[in-house]
Amino acid sequence: MAEISAKAVVLEWVVGSTADIRARISPVVALIRANVVVPCLRVALYTCLVLSFLLFLEWVHVMFLAAVAKLFRKKPAERYKWEPMANAAAGDLENGGNGKDCFPIVLVQIPIFNEIEVYKMSIGAACRLSWPSDRLVVQVLDDSTDLTIKDMIEKECMRWSSEGINIRYQVREGRVGYKAGALKEGLKRDYVKECEFVAIFDADFQPEPDFLRRSIPFFTYNPEIGLIQARWRFVNANECFLTRMQEMSLDYQFVIEQEGGSSIHAFFSFNGSGGIWRIAAIEEAGGWKDRTTVEDMDLAVRAGLKGWKFLFLGDLDVKSELPSTFKAYRSQQHRWACGPANLFRKMATEIAKNKEVSIWKKLYMIYNFFFIRKLVGTMFTFFFYCVVLPLVSLMPEVDVTKWGAILATFVIATINTLVATPRSTHLAVPWVLFENIMSFHRTKGIFIGLFEAKRANEWVVTEKRGDALKNKPNVESCAPKKPPRFKLFRDRILLQELGIATFLYACGLYGVFYGDDKYYIYLFPQAIFFTVAGFGYYATNVRKS
């Protein structure tokens, strides 16, 4: 005890008492806070407010276009020249005729990579398309690395071939270029030279039999159209909370952004599946390129710069599957955020220098499509709602109309849901909180894409479930062994989400004890959502409606 007391006396003699230390540090902390922290936070806040105003203008713009498209503009069949297939040709379908006078040759491409759960459904749906058999080529592009799965897919193709379907099973050495490489290689086949159009369906997509009959006439009578995009419908939207959130986000993209843009012939991107290209447009744009993980957007931008028009058909549906695990969804969103940012880095100058389209179209691509929607919209959401506003709640020196900013977001989200996904209007608030979580992952992806970091070209095929229950024996025979329970637990824990949740909890608790703005009413729910994400529980099943 004597020794400890002696050390304490010496320490106090050197640095002073605890009260003295606090007296020395407090002015320094106050000085740093007043001259560094608060000014930086003010700059960040004002920057976010400017960006929020730009986002609001863009939202008003797309909502206005969508409203005009719904209320005043004619439907695509009225805006474009369009006629149903001739009766004689329809008779050819029933009687086995060739229908060469009315039916162009269409190629259907189905890229597959070890997707054992869904390959039968996608191949079957393509083979059932209502189109003359000698005017339809189904091309299965199998990049699978599992030899057992490859054998199963090849046998499925042989089965349909025995029923008179012109189906081609194509494999290649390696997986260079991923999906873009497979699509590009598929177009090089000799039998493709006679094809005029190519429909692309990912392995989980199931077009209706009349898909081609309802879309091809737009190409036939309107040679300026290079792409027709159908609307996705989701077979598992009611599976869990995660899939309901995805449905709301994608419905907004289809109903508001793409349908509204298409109504005024504005540019919108190909979604990678559920669409049909005029092969001449692909060739004129330079073909498929694998320089980013969004080969679909890359091709659409280049084709748009060549003057091709795109048409979105909102009443033409194609069934697809949403990721039902949080890991699969995070991986998909990383690719969807990183790819556009990387493409913007590579094409911004090319777009600006292009002389084949008007300055307004170039401005629309650079500002509206890339800068506002793909970059600002994502980064603003995370930094404003998960970083800046929580910090502002700790510092009364920085003032902002917090509730105005938050309430405005929830009101806009409710309007979006009412327009795009009316059945999920009651989920508008959870949707905002969940989108704030995903904005964190998307923001990381954007920075990786902009700086072309190590994961910029990472491609992970989104996990599918499909007909897994029916094919359970086959799936188990081909699947790898189940990892140890500890590894499953470790993979489920997401430390980054839990770290943000802890930060939000701390800011909320500070507001409870020291704040007077009741900002914790927002912070605690957002922290809870991050906590749930941190433990990977968003794929819990809910009652089907």
Side-chain angles (χ1 to χ4, degrees), residues 106-111 139 141 143 175-189 192 195-202 205 215 218-219 223-230 232 253-254 257-258 261-262 265-313 318 332 335-354 356-357 361-362 364-366 368-370 373-374 449 456-457 459 461:
V106 179
L107 174 70
V108 177
Q109 290 185 315
I110 307 174
Q139 188 183 65
L141 305 170
D143 276 356
R175 199 180 168 220
V176 178
Y178 302 109
K179 180 180 174 181
L183 296 173
K184 182 178 181 178
E185 187 70 22
L187 291 178
K188 292 180 179 180
R189 305 293 175 173
V192 175
C195 299
E196 191 175 348
F197 307 102
V198 54
I200 301 171
F201 302 105
D202 284 349
F205 277 68
S215 54
F218 285 100
F219 284 117
E224 73 276 13
I225 294 179
L227 164 69
I228 291 178
Q229 175 67 59
W232 297 357
Q253 175 184 333
F254 288 125
E257 292 184 357
Q258 294 195 327
S262 177
H265 311 293
F267 169 81
F268 66 89
S269 178
F270 175 45
N271 296 324
S273 183
I276 311 175
W277 277 96
R278 190 187 296 272
I279 294 180
I282 296 178
E283 294 174 347
E284 186 180 355
W288 293 101
K289 293 185 179 181
D290 59 3
R291 55 182 174 175
T292 69
T293 57
V294 284
E295 72 293 323
D296 45 10
M297 186 181 296
D298 189 346
L299 177 60
V301 171
R302 287 183 282 114
L305 292 176
K306 290 293 182 179
W308 289 98
K309 289 184 178 180
F310 303 160
L311 174 62
F312 177 80
L313 296 180
V318 56
Q332 181 200 71
R335 188 172 78 245
W336 287 7
C338 176
N342 193 226
L343 182 63
F344 180 65
R345 167 195 171 105
K346 289 179 165 72
M347 288 205 69
T349 303
E350 181 181 341
I351 295 172
K353 292 182 178 180
N354 183 276
E356 298 185 48
V357 297
K361 187 167 186 176
K362 292 189 289 185
Y364 180 87
M365 283 186 174
I366 293 176
N368 297 77
F369 182 75
F370 276 111
R373 297 182 191 175
K374 304 302 179 184
N457 294 313
W459 181 283
V461 174

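The local environment of NZ in K346 is crowded, with over 12 non-hydrogen atoms from other residues, nucleotides or ligands closer than 6.0 Å.
Side chains of R278 and W308 form a contact here, defined as non-hydrogen atoms less than 4.5 Å apart. With a 4.5 Å cut-off on side-chain heavy atoms, L305 and M347 count as touching. Within the 4.5 Å cutoff, the side chain of W288 has heavy atoms near those of the L299 side chain.
The closest donor-acceptor contact from the side chain of N271 to the backbone of G274 lies at 3.5 Å or more, if one exists at all. Side chain of K361 to backbone of G307: no donor-acceptor contact under 3.5 angstrom is found.
Ionic pairing of D296 and K179 is not present here: no N-O contact between side-chain nitrogen and carboxylate oxygen is shorter than 4.0 angstrom.
For the residue pair L311 and F268, the shortest heavy atom distance occurs at C-CZ, 3.7 Å. Between V318 and A230, the shortest heavy-atom distance links the atoms CG1-CB, 4.3 Å. Closest non-hydrogen pair, R291 versus N342, comes out as O-OD1, 3.7 Å. For the residue pair I276 and S215, the shortest heavy atom distance occurs at CD1-OG, 3.0 Å. Closest non-hydrogen pair, K289 versus E295, comes out as O-CB, 3.5 Å.
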Show your working on side chain to side chain contact (heavy atoms under 4.5 Å, CB included) between V301 and E350 and close with a plain yes or no.
CA-CA 10 Å; V301 171; E350 181 181 341; over 6 Å; no

